[in-house]
Number of protein chains: 2
Amino acid sequence: MSVSINEIKNYLVKNNIKPSFPRLKIFEYLASRPTHPTADDIHSALVKEMPTLSKTTVYNTLDLFIRSNIVRSITIDGNEQRFDVDVTNHGHFKCQVCQIIYEFDLDPALINPGSLKNFRIFERNVFFKGICSYCLDKAKADFK
Amino acid sequence: MSVSINEIKNYLVKNNIKPSFPRLKIFEYLASRPTHPTADDIHSALVKEMPTLSKTTVYNTLDLFIRSNIVRSITIDGNEQRFDVDVTNHGHFKCQVCQIIYEFDLDPALINPGSLKNFRIFERNVFFKGICSYCLDKAKADFK
DNA sequence: TCCCAAATAGGATTAAATCTTATACAGAAA
DNA sequence: TTTCTGTATAAGATTTAATCCTATTTGGGA
């Protein structure tokens, strides 16, 4: 997904976020790649063209985006937070061989489990780990 | 769930784990409370009766249990690992008001999503956040 | 132009997890 | 029993994501 700076600007404004330069660049970074980067990924990528960009700004901006519901925080590996501009409910699968992160749709039955009836759910995290079909096929081919 | 040290001993041996004293106590701690403790919780609770217990041992032991499939690692809050003796597939819900962690069953449709056909899934993590029905009721009652 | 509140910078701090090295232990062999 | 060997544990240093604190900068309104 490649989005123009102007589109992002309008999108931020529409969500009551002042479109400062760091915010524009951080959102552009998130929107332009499907890699679910960490805060550190974002910082080290953007600091090249914005030498004064601080990590605090990255974290502040991401928190702001999350509060405004235009970014969500996801957990895939235990101990590092990742960020995703896709705020719809979907799960993530990380292949332990190729490290690629796949997204998958959630069954509506999961989204509101019967046993959580009358609970109000604000945040849904679903992430699986294993080996993707491509790496499984590759492993099989290597055996021949 | 209260389990005798002897039962735990047998259980560890059955899973090819030498039942050392730290291992017995760590497993007992996990089995006897439903709180999904962190490694630090376990350490600071047990260090009272085992003053030389080190964090390394706690982490090593938990890793061993996980590799042996008698404990699973779960993520509920972003940045701290928690541990659970219930290794069946189930989700966790954390109430942001009372902080209680509820467990809920997963719909079979989620366990093997169609879009991950031919993927091998080793680990399933599902955790939700929100407000539980009890805290919602309480809030409602407070308004009267 | 000046002022004020919000945004950002920069570095210190915290804390979970890992790593390193040394010591203790338990079982096997003599 | 004694010795040997590999495993388990201890203790503390190190790493690193995330937060916190304080100072500076920025931009819009008076």
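FYI, side chains are in, hydrogens and waters are out, and symmetry mates aren't considered; it's all heavy atoms of this structure. Lettering of chains follows the sequences in order, A, B, ..., and the numbering in each one begins at 1.
Using a 4.0 Å cut-off between charged nitrogen and carboxylate oxygen, D40(B) and K55(B) count as a salt-bridge pair. With respect to the salt-bridge test (charged N to carboxylate O, under 4.0 angstrom), the residues E49(A) and K25(A) qualify. Between E80(B) and R82(B) there is a salt bridge, with a side-chain nitrogen of the basic residue lying less than 4.0 Å from a carboxylate oxygen of the acidic one.
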Check the pair F65(A) / F83(A) against ring pair (Phe, Tyr, Trp, His ring centres under 6.0 Å), numbers first and verdict last. CA-CA 10 Å; F65(A) 288 169; F83(A) 300 91; 9.7 Å; no
F122(A)/F128(B) under ring pair (Phe, Tyr, Trp, His ring centres under 6.0 Å): CA gap, chis, key distance, verdict: CA-CA 7 Å; F122(A) 294 133; F128(B) 290 2; over 10 Å; no
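Whole-Å rounding puts the Q81(A) CD to dA16(C) P distance at 16 Å. The CD atom of E80(B) sits 18 Å away from the P atom of dT14(C) (whole-angstrom rounding). Distance CG (L62(A)) to P (dA17(D)): 14 Å, rounded to an integer number of Å. Residue L46(B) contributes atom CG, which lies 15 Å from atom C1' of dA10(D) at whole-angstrom precision. dG12(D) atom P lies 11 Å from atom NE2 of H43(B), rounded to whole Å. In this structure, CZ of R82(A) is placed 15 Å from C1' of dA18(D), rounded to the nearest angstrom. In this structure, D63(A) atom CG and dA17(D) atom P are separated by 16 Å, rounded to whole Å. Spacing between atom CG of D41(A) and atom P of dT16(D) amounts to 14 Å, rounded to whole angstrom units.
Of all the residues in residues 13-22 of chain B, S20(B), P22(B) reach under 4.0 Å from DNA chain D with at least one non-hydrogen atom. Within residues 47-60 of chain B, the residues approached by DNA chain D to less than 4.0 Å at the level of any non-hydrogen atom are T52(B), L53(B), S54(B), T56(B), T57(B), N60(B), in residue-number order.
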Cut-off 3.5 Å, no hydrogens considered: what does the side-chain donor-acceptor table look like for residues 97-116 of chain B, sequence neighbours left out?
from	atom 1	to	atom 2	distance (Å)
Q99(B)	NE2	Q96(B)	O	3.2
E103(B)	OE2	H36(B)	NE2	2.5
D107(B)	OD1	A109(B)	N	2.9
N112(B)	OD1	R124(B)	NH2	3.1

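The side-chain tip of R33(A) points at the ring of Y29(A) from less than 6.0 angstrom away and within 45° of straight on.
Residues H92(A) and V126(A) are not in side-chain contact: their nearest non-hydrogen atoms beyond the backbone lie 4.5 Å or more apart.
A single hydrophobic cluster is seen to contain both L53(B) and I8(B), as judged by linkage of ILVMFWY side chains at heavy-atom distances under 4.5 Å, directly or through other members.
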